[in-house]
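Order of the sequence lines fixes the chain letters, A, B, ..., with proteins taken first and strands second; residue numbering starts at 1 for each chain. Predicted, not measured: the structure shown is a model, and the values here were computed from it. Reckoned from all heavy atoms, side chains included, excluding hydrogens, waters and symmetry mates.
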Number of protein chains: 2
Amino acid sequence: MVLDMTESTECTADLLRERGFRATPQRLAICEALKKAGSHPTVAEIHEYVKKKDPTISLATVYNTLELFNQIGLAREICFRDQPTRYDPTVDSHINLLCLNCGAVEDISFDDFEQLIPDIENRSGFVVSSQRFDVYGYCPKCKAK
Amino acid sequence: MVLDMTESTECTADLLRERGFRATPQRLAICEALKKAGSHPTVAEIHEYVKKKDPTISLATVYNTLELFNQIGLAREICFRDQPTRYDPTVDSHINLLCLNCGAVEDISFDDFEQLIPDIENRSGFVVSSQRFDVYGYCPKCKAK
DNA sequence: TTATATGCAAATCTTTTGCAAGGAT
DNA sequence: ATCCTTGCAAAAGATTTGCATATAA
């Protein structure tokens, strides 16, 4: 079967099916949009992006799908009081750097997280499964002022 | 002047005035409620708590005040897609542990954060000012199941 | 005194839900 | 042929806003 599917799209489809979910065209399109609709896009931004390919896709489907992606580890939600929820396609351990002035969001790796887990588990009694690390500050452009 | 103010309340009042804000009874009551209305209370929970002392205090004031506290470093906001914003009176470097099963939130210290700052700043070009670290997993009660 | 903060109620926005129709497996 | 998903539109919530009144400094 030769379609216009990229390797990554097939991979996403397989991952969904493995977990018992259907690989619908909407879900695959949303997955692609998540990666291409800019940095840490909002639900509305992702919706706008996928509508270019599929003008009938509903906002509710985008909401539901992103929540699903968050649960099965295909995306990570980022939520602030004063803005709509954003989603991040990067799911491995990383730091979200957030500029307090211009709102820019940047990812940097955080390989040390693995090493912290045993200590966190020992001290708290929790079993650790994932993490979100936001660091607030001023980006190179804004710190100059 | 002898009132029923605790040392911490006076301290909060001074901190507000230092920053050019008024130390209103509502703000002081909200500050106290933030510490006593349970672990990581929601805005509504804080509102319920302060209403015991001041039944006329408005929800909008609680919202405004908590946002102010977040800005001046008296509290830290914690926001999830599927729940109302919570506030944490602990502002020094710590980890929020979140149980994926029962929703429990617990704090543990994270003294190592200071040591990470130079590396984060070097790699990103940002100037770091604060941080939020959420770790997801299962609490002692829930992991047993 | 006077600029700031409060309370109220309405408005705004985000997110969720119920249900009939559609479609992946 | 099933039963999971979708789209639509309405509902539910959370949060913000405008403005007159009150009040801390």
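Protein atom NE2 of B/H47 is 14 Å distant from nucleotide atom P of D/dA14, rounded to whole Å. Whole-Å rounding puts the B/L68 CG to C/dT4 C1' distance at 12 Å. For A/I57 and D/dC8, the CD1 to P distance is 10 Å, given to the nearest whole Å. Summarising the geometry, the separation between CG on B/L28 and P on D/dT23 is reported as 15 Å, rounded to the nearest angstrom. Atom CG in A/L66 sits about 15 Å away from atom C1' in D/dT5, given to the nearest Å. Rounding to whole angstrom units, CZ of residue A/F80 and C1' of C/dT14 are separated by 16 Å. The distance between atom CD of A/E45 and atom C1' of C/dT14, rounded to the nearest whole Å, is 14 Å. Going from atom CZ of B/R86 over to atom C1' of D/dT15 covers 16 Å, rounded to whole Å.
Residues passing the side chain to side chain donor-acceptor pair (under 3.5 Å) test with A/R132, sequence neighbours excluded: A/D134. Remark: B/E45 pairs with no residue by the salt bridge (Lys or Arg N to Asp or Glu O under 4.0 Å) rule, at least two apart or across chains. Partners of B/E67 under the salt bridge (Lys or Arg N to Asp or Glu O under 4.0 Å) rule, at least two apart in sequence or in another chain, are A/R81. When the salt bridge (Lys or Arg N to Asp or Glu O under 4.0 Å) test is applied to B/D54, no partner is found at least two apart in sequence or on another chain. Every side chain to side chain donor-acceptor pair (under 3.5 Å) that B/S58 has, sequence neighbours left out, goes to B/T61. Residues meeting the salt bridge (Lys or Arg N to Asp or Glu O under 4.0 Å) test with B/E121, sequence neighbours left out: none.
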Less than 3.5 Å apart, which donor and acceptor atoms pair up between the side chains of residues 123-131 of chain B and the rest of the protein, not counting sequence neighbours?
from	atom 1	to	atom 2	distance (Å)
B/R123	NE	B/D119	OD2	3.2
B/R123	NH1	A/S109	O	3.3
B/R123	NH1	A/S109	OG	2.9
B/R123	NH2	A/S109	O	2.9
B/R123	NH2	B/D119	OD2	3.4
B/S124	OG	B/I120	O	2.7
B/S124	OG	B/F126	N	3.1
B/S129	OG	A/Y136	O	3.2
B/Q131	NE2	B/H94	O	3.3

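Under 4.0 angstrom from either OP1 or OP2 of C/dG7 there lies at least one side-chain N or O belonging to B/T61.
The end-to-end axis angle of the helix from C/dT1-D/dA25 to C/dT25-D/dA1, rounded to 10 degrees and based on five pairs per end, is 60°.
Between A/F133 and B/F133, the ring planes are parallel. Angles under 30° get that label, and only those over 60° would be called perpendicular.
Listed by chain and number, the hydrophobic cluster partners of A/Y49 come to none, as no ILVMFWY side chain reaches under 4.5 Å of it.
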Base-contact (B) and sugar-phosphate-only (S) positions in nucleotides 15-25 of chain C, heavy-atom cut-off under 4.0 Å, - elsewhere = BBB-----BBS
Measure all distances between protein nitrogen or oxygen atoms and nitrogen or oxygen atoms of nucleotides 11-13 of chain D, and list the pairs falling under 3.5 Å.
none

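Not one N or O on the side chain of A/R86 forms a donor-acceptor pair closer than 3.5 Å with the backbone of A/I78.
Contacts classified as side chain to side chain donor-acceptor pair (under 3.5 Å) and involving residues 16-31 of chain B (residues at least two apart or in different chains) are not found.
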